[in-house]
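See structure below.
Start at 1 and go down the list; that is how both ligands and their atoms are numbered.
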Amino acid sequence: MEDKTIISKVAVFGTGTVGQTIARELVTQGYEVTIGTRNVKDSMSKTEPDNWGNQPVFKLMAEFEELKLETFEDAKVDKQLIVLAVSGSYAMEVLELAGQLPESLVVLDVTNPLDFSKGFPPSLFTDSTFSLAEKIQAKYPNIHIVKSLNTMTNAIMVNPESRTDAGNVFVCGNNADAKERVTLILKSFGWQESAILDLGDLTGARGMEMMMPMWIRLFQVRGNANFNWKIVE
Ligand SMILES: NC(=O)c1ccc[n+]([C@@H]2O[C@H](COP(=O)([O-])OP(=O)(O)OC[C@H]3O[C@@H](n4cnc5c(N)ncnc54)[C@H](OP(=O)(O)O)[C@@H]3O)[C@@H](O)[C@H]2O)c1
């Protein structure tokens, strides 16, 4: 019988800084990783850092020869987990580009529903009654969305041990097995059991996504992204 907790093949949807950071960590740990993108040639031809100074994906590909870069549709084939790390505005579009998703696929949703159409700071294009994660789940009832890691900057996501106290990471989703699998990934990133806060079913994503306006305000006044949430009693 298949051990449902074991994940070895992962598609990371997203060539941005989050996709690259998570793909780098997973491939370093020995996972079979394929990064998903709209157009492989276009992504590989980008040679300049983006507006935030993040390195183009070709540099990461050059560093790890075992890492693959494929279209979203090809990248998802034979994978046990998809990490959804694309711009929140295009998350639905990206999943459509990916085509039919296998039954019971686990999707770790790291996105934030940020609307940059009026500049910075962005607003949210969702509201307190319906998160982006729930919107995705509603459209794809046969897969298991697990929301996590969206409340912190990418450097902390995969390296909480770089600080004495990294704070908390939240996780929520409707399927217990899927949450367990994602929790194992979080632990492999270095998150202690006591730091992982299970917020219950996927409605927990409303609060996780609504933390972003406050996160962005903190980013503005502090002048850096090097901080995280910590729940104290
Ligand atoms: N930056 C952080 O530290 C951080 C922390 C927590 C959560 N997040 C969230 O994580 C997600 C990824 O953030 P990011 O900064 O790494 O990257 P991003 O710039 O928000 O997204 C990059 C990805 O979005 C895709 N994309 C962009 N425009 C598209 C379009 N018109 N149609 C389809 N796909 C499009 C790109 O596809 P191509 O590969 O084809 O170009 C790329 O893979 C976001 O939802 C963000 O809010 C970010």
If you measure from each heavy atom of [X] to ligand 1, is any distance below 4.0 Å?
| X | value |
| --- | --- |
| Q20 | no |
| K46 | yes |
| M152 | yes |

Protein heavy atom at shortest distance from [atom]:
| atom | answer |
| --- | --- |
| atom 3 (O) of ligand 1 | N154 ND2, 2.8 Å |
| atom 21 (O) of ligand 1 | S87 N, 3.1 Å |
| atom 2 (C) of ligand 1 | V18 CG2, 3.4 Å |
| atom 43 (O) of ligand 1 | T15 N, 2.9 Å |
| atom 15 (O) of ligand 1 | T17 CG2, 3.7 Å |
| atom 28 (N) of ligand 1 | Y90 CD1, 3.3 Å |
| atom 36 (C) of ligand 1 | R38 NH2, 4.0 Å |
| atom 44 (C) of ligand 1 | V86 O, 3.2 Å |

Compute the shortest N/O to N/O distance between [X] and ligand 1 and return yes if it is under 3.5 Å, no if not.
| X | answer |
| --- | --- |
| N150 | no |
| L114 | no |
| N39 | no |
| T111 | no |
| T151 | no |

Original post:
Do any non-hydrogen protein atoms sit less than 4.0 Å from atom 19 (O) of ligand 1?
Top reply: no
Original post:
Do you reckon V77 sits in the same ILVMFWY cluster as V12, going by side-chain contacts under 4.5 Å, direct or chained?
Top reply: no
With a 4.5 Å cut-off on side-chain heavy atoms, are [Y] and [X] touching?
| X | Y | result |
| --- | --- | --- |
| F189 | L184 | no |
| F13 | K76 | yes |
| L81 | R181 | no |
| W215 | T153 | yes |
| L218 | F227 | yes |

Where [X] and [Y] come nearest, the two heavy atoms and their spacing:
| X | Y | answer |
| --- | --- | --- |
| Q20 | P56 | NE2-C, 3.7 Å |
| R206 | S128 | CD-O, 3.4 Å |
| A205 | A133 | CB-CB, 3.7 Å |
| N112 | E209 | OD1-CA, 4.2 Å |

Subject >> Identified side-chain contact (heavy atoms from CB on, under 4.5 Å) partner of V169 from the options L197, T183, I196 >> reply: I196
Subject >> Pairing of K139 and E96 as salt bridge, 4.0 angstrom limit >> reply: yes
Subject >> Short N-O contact, E63 and R24, less than 4.0 angstrom >> reply: yes
Relative to the heavy atoms of [X], which atoms of ligand 1 are at a distance of less than 4.0 Å?
| X | value |
| --- | --- |
| G88 | 45 (O) |
| T37 | 38 (P), 39 (O), 40 (O) |
| V94 | 33 (C), 34 (N) |
| V110 | 7 (C), 8 (N), 9 (C), 10 (O) |
| G14 | 43 (O) |
| T153 | 3 (O) |
| E93 | 32 (N) |
| A85 | 11 (C), 12 (C) |

**OP:** Have a look at ligand 1 and work out which part of N54, if any, has a heavy atom under 4.0 Å from it: side chain, backbone, both or neither.
**Re:** neither
**OP:** Test W229 against F170 for ring-ring contact (aromatic ring centres under 6.0 Å, His included), laying out the working first.
**Re:** CA-CA 10 Å; W229 305 97; F170 308 104; 7.8 Å; no
Original post:
Do the side chain of K179 and the main chain of G200 share a donor and acceptor less than 3.5 angstrom apart?
Top reply: yes
